[in-house]
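Submitted below is the structure of interest, expressed as structure tokens.
Small disclaimer: the values here were computed from a predicted structure and weren't measured.
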Amino acid sequence: VAVRQQSTPAAAEVALNVPETKVTTLANGLRVASEDSALPTCTVGLWIDAGSRYENERNNGTAHFLEHMAFKGTKKRSQLDLELEIENMGAHLNAYTSREQTVYYAKAFSKDLPRAVEILADIIQNSTLGEAEIERERGVILREMQEVETNLQEVVFDYLHATAYQDTALGRTILGPAENIKYFISDLLEYITTHYKGPRIVLAAAGGVCHNELIDLAKFHFGKLPARYKGEAPALPSCRFTGSEIRVSDNKMPLAHIVIAVEAVGWSHPDTIPLMVANTLIGNWDRSFGSAVNLSSKLAQVACQGSLCHSFQSFNTCYTDTGLWGLYAVCEPGTVSQMMHFTQQEWMSLCTSVTESEVARAKNLLKTNMLLHLDGSTPICEDIGRQMLCYGRRIPLHELEARIDVHANTIKQVCTKYIYNKAPAIAAVGPIDQLPDYNHIQSGLYWLT
């Protein structure tokens with residue numbers, strides 16, 4: 001036990017040695033944030049406060065379609081020119097879309113930072129959005145949708161959002177429905193002019209980057225981005241949580257994929273950190289771990305000894321003003337009911353009987369995982385960009401450490417507040433005949449057995 005407790009001072013020492021994150025706001029509201037670690041390589045990217053949450057039923061899928069179109073040519077670079085330039089620099093250019101953010105980033109040599117920033121500026125401000133490229137990309141995205149449908153974890157999490165946030169923007173998928181993909185044209189330009197404004201964009205960089213150089217590059221390449229809206233700024237669509245379920249029974253499938261979640265909180269809520277500790281207490285496990293007798297997660301021990309599932313993972317998904325805290329499990333058809341029972345039992349123990357030693361172990365594990373995640377310029381750059389959008393600043397590691405240091409009583413109070421006697425959202429796909437009915441599952445969140 002003594003060895004485990006040593007990780008806290010070690011983590012504190014690491015936190016004190018982290019370079020400062022410098023932040024500057026330009027006249028048009030665009031924020032420039034960087035951490036210079038004097039590496040020969042760097043990652044620089046644009047974090048934009050615009051994802052599928054800002055779409056409606058008619059244009060759902062626009063943010064993701066735009067991300068694809070970014071690399072298909074600009075007014076001064078054809079797609080081939082762009083690809084060759086990136087290849088010749090030895091760089092990587094990538095992008096992704098989430099429900100609340102769109103991200104474009106480049107990994108390159110530190111000496112090529114100016115070119116990387118210029119390319120990012122070009123693809124988000126000068127994309128040609130040519131009709132031929134749009135038509136070609138429709139087919140690419142429709143094929144991507146078919147691939148996603150074979151990934152049952154993605155499918156079941158999309159179902160979870162669809163039921164938990166039904167009839168709201170968070171309930172829709174990021175890729176959008178196939179009907180929308182087939183008809184996009186004017187929506188793409190409209191989305192850019194509506195959402196790509198200075199105050200909603202962060203230029204983040206990490207690795208070998210000079211902050212003053214980055215400010216000059218940002219002023220030159222992004223200084224003309226509009227700061228204001230012609231009318232009202234688009235409001236964040238409100239998304240209410242509904243305790244409910246979606247079941248897609250298919251007894252031809254070998255395994256059941258089940259996810260259960262309660263409504264949690266947004267990024268900046270004070271209860272986020274205790275819920276992250278609680279999430280770490282439940283943990284994750286799969287059969288490749290072998291015996292779980294010595295694992296700290298009680299659910300992992302039970303799942304392994306009783307062969308209750310192939311794998312499970314606890315999760316805490318945060319959005320601006322809401323979140324989902326829950327568990328995803330992959331089970332044999334005959335163990336679905338037992339797995340659900342023991343999951344709820346562990347959730348109830350978080351509300352009533354979690355001990356200080358268990359919480360101390362989870363806190364150490366959470367701190368370690370956070371530090372291990374910040375390994376390299378890309379995850380650090382991602383951390384800077386995401387935190388700037390979520391919190392308006394980057395939380396220093398020593399402050400994060402202090403906030404993680406909660407006691408067992410706090411975990412019990414917070415878990416009782418969000419789990420006990422709450423209506424969960426459930427999504428299940430596959431051979432799920434043994435999954436108890438919704439009322440029975442909900443009753444397991446208040447019977448303290």
Side-chain angles (χ1 to χ4, degrees), residues 45-48 50-89 91-107 119-162 169-196 246 248 250 253 257 427 429:
L46 294 162
W47 269 255
I48 305 169
S52 62
R53 184 170 181 176
Y54 287 95
E55 298 165 351
N56 53 47
E57 279 187 52
R58 183 182 59 81
N59 70 0
N60 180 209
T62 307
H64 177 256
F65 205 115
L66 268 176
E67 170 221 311
H68 274 249
M69 292 305 300
F71 307 130
K72 299 300 174 282
T74 69
K75 288 166 188 170
K76 67 182 207 178
R77 289 180 173 93
S78 67
Q79 181 177 347
L80 179 63
D81 292 337
L82 181 61
E83 289 169 1
L84 283 175
E85 189 169 351
I86 291 292
E87 290 270 327
N88 291 336
M89 285 165 63
H92 298 272
L93 189 60
N94 211 339
Y96 62 86
T97 312
S98 68
R99 281 180 165 82
E100 290 192 333
Q101 296 172 8
T102 304
V103 178
Y104 302 91
Y105 67 95
K107 296 193 274 187
I119 289 169
L120 288 169
D122 194 29
I123 64 173
I124 77 145
Q125 294 177 98
N126 304 313
S127 277
T128 48
L129 302 177
E131 281 191 35
E133 287 78 14
I134 288 174
E135 287 306 319
R136 193 164 61 243
E137 217 53 33
R138 289 191 212 280
V140 172
I141 292 172
L142 289 168
R143 282 196 300 277
E144 185 181 337
M145 290 171 81
Q146 290 173 344
E147 286 173 24
V148 165
E149 283 164 15
T150 65
N151 182 335
L152 289 170
Q153 181 173 348
E154 287 203 37
V155 168
V156 82
F157 270 92
D158 276 344
Y159 280 140
L160 177 69
H161 281 80
L170 281 177
R172 293 189 278 269
T173 64
I174 295 167
L175 271 66
E179 304 79 63
N180 286 10
I181 305 302
K182 290 170 185 171
Y183 300 111
F184 281 142
I185 288 186
S186 60
D187 297 309
L188 300 175
L189 202 54
E190 186 186 327
Y191 193 89
I192 291 175
T193 53
T194 304
H195 298 292
Y196 286 19
I246 289 180
V248 182
D250 183 351
M253 289 170 59
H257 294 252
V429 176

Practice task
State whether the side chain of N60 and the backbone N or O of E57 hold a donor-acceptor pair below 3.5 Å, judged by distance alone.
Solution key: no
Problem - Inter-residue atom distance E133.CD - E137.CD, 0.5 Å rounding - result: 9.0 Å
Handout entry: Under 3.5 Å: donor-acceptor pair, side chain of R138, backbone of I181
Key = yes
Handout entry: Distance (rounded to the nearest 0.5 Å) between T74 OG1 and M69 CE
Key = 11.5 Å
Handout entry: Note, L66 side chain near L129 side chain (heavy atom, < 4.5 Å)
Key = yes
Problem - Flag side-chain contact, heavy atom, 4.5 Å: V429 against M253 - result: yes
Exercise for the section: Indicate yes or no for a side-chain donor-acceptor contact from Q101 to the backbone of W47 under 3.5 Å, with no hydrogens or angles considered. Expected result: no
Handout entry: Nearest heavy atoms of V156 and H257, plus distance in Å
Key = CG2-O, 3.6 Å
Practice task
Check whether any side-chain N or O of Q125 sits under 3.5 Å from a backbone N or O of A121 as a donor-acceptor pair, and report yes or no.
Solution key: yes
Handout entry: Pairwise distance OH(Y104) to CD(E67) - rounded to 0.5 angstrom
Key = 6.5 Å
Problem - Taking every non-hydrogen atom, the tightest pair across I192 and I124 - result: CG2-O, 4.5 Å
Practice task
Working to the nearest 0.5 Å, report the span between CG of D158 and CD of Q153.
Solution key: 11.0 Å
Exercise for the section: Give a yes or no on whether a salt bridge exists between D81 and K75, defined as a side-chain N under 4.0 angstrom from a carboxylate O. Expected result: no
Problem - Sidechain-backbone polar pair: H161 side chain, F157 backbone, donor-acceptor under 3.5 Å - result: yes
Handout entry: Spacing of OG1 belonging to T97 relative to CZ belonging to F65, to within rounding of 0.5 Å
Key = 12.0 Å
Problem - Nearest non-hydrogen partners of E147 and T150, listed with the distance - result: O-OG1, 2.5 Å
Exercise for the section: Provide the closest heavy-atom pair for G51 versus A63 in the form atom of the first, atom of the second, distance. Expected result: C-CB, 4.1 Å
Problem - Check: T102 and Y196 side chains under 4.5 Å, non-hydrogen atoms - result: yes
Handout entry: Student check: side-chain heavy atoms of D122 and K76 closer than 4.5 Å
Key = yes
Handout entry: Nearest heavy-atom neighbours spanning H195 and A50
Key = CB-CB, 3.8 Å
Problem - Heavy-atom check, side chain of R58 versus side chain of N180, under 4.5 Å - result: no
Practice task
Determine whether L82 and L93 make a side-chain contact, defined as any pair of heavy atoms from C-beta on separated by less than 4.5 Å.
Solution key: yes
Handout entry: Flag if over 12 foreign heavy atoms under 6.0 Å of CD, E87
Key = no
Practice task
Check for a donor-acceptor pair, side chain of N151 on one end and backbone N or O of E154 on the other, with a separation under 3.5 Å.
Solution key: yes
Fill in the blank from the handout: One should read off an interatomic distance between F71 CZ and I119 CD1, to the nearest 0.5 angstrom, of 10.5 Å
Completion exercise
In terms of heavy-atom contacts, K72 and T128 come closest through O-OG1, 4.5 Å
Practice task
Kindly indicate whether the side chain of I123, heavy atoms from C-beta on, has any atom under 4.5 Å from the side chain of R77.
Solution key: no
Problem - Side chains of I134 and L188 in contact at under 4.5 Å (non-hydrogen atoms) - result: yes
Problem - Backbone of L84 reached by a side-chain donor or acceptor of N88 within 3.5 Å - result: yes
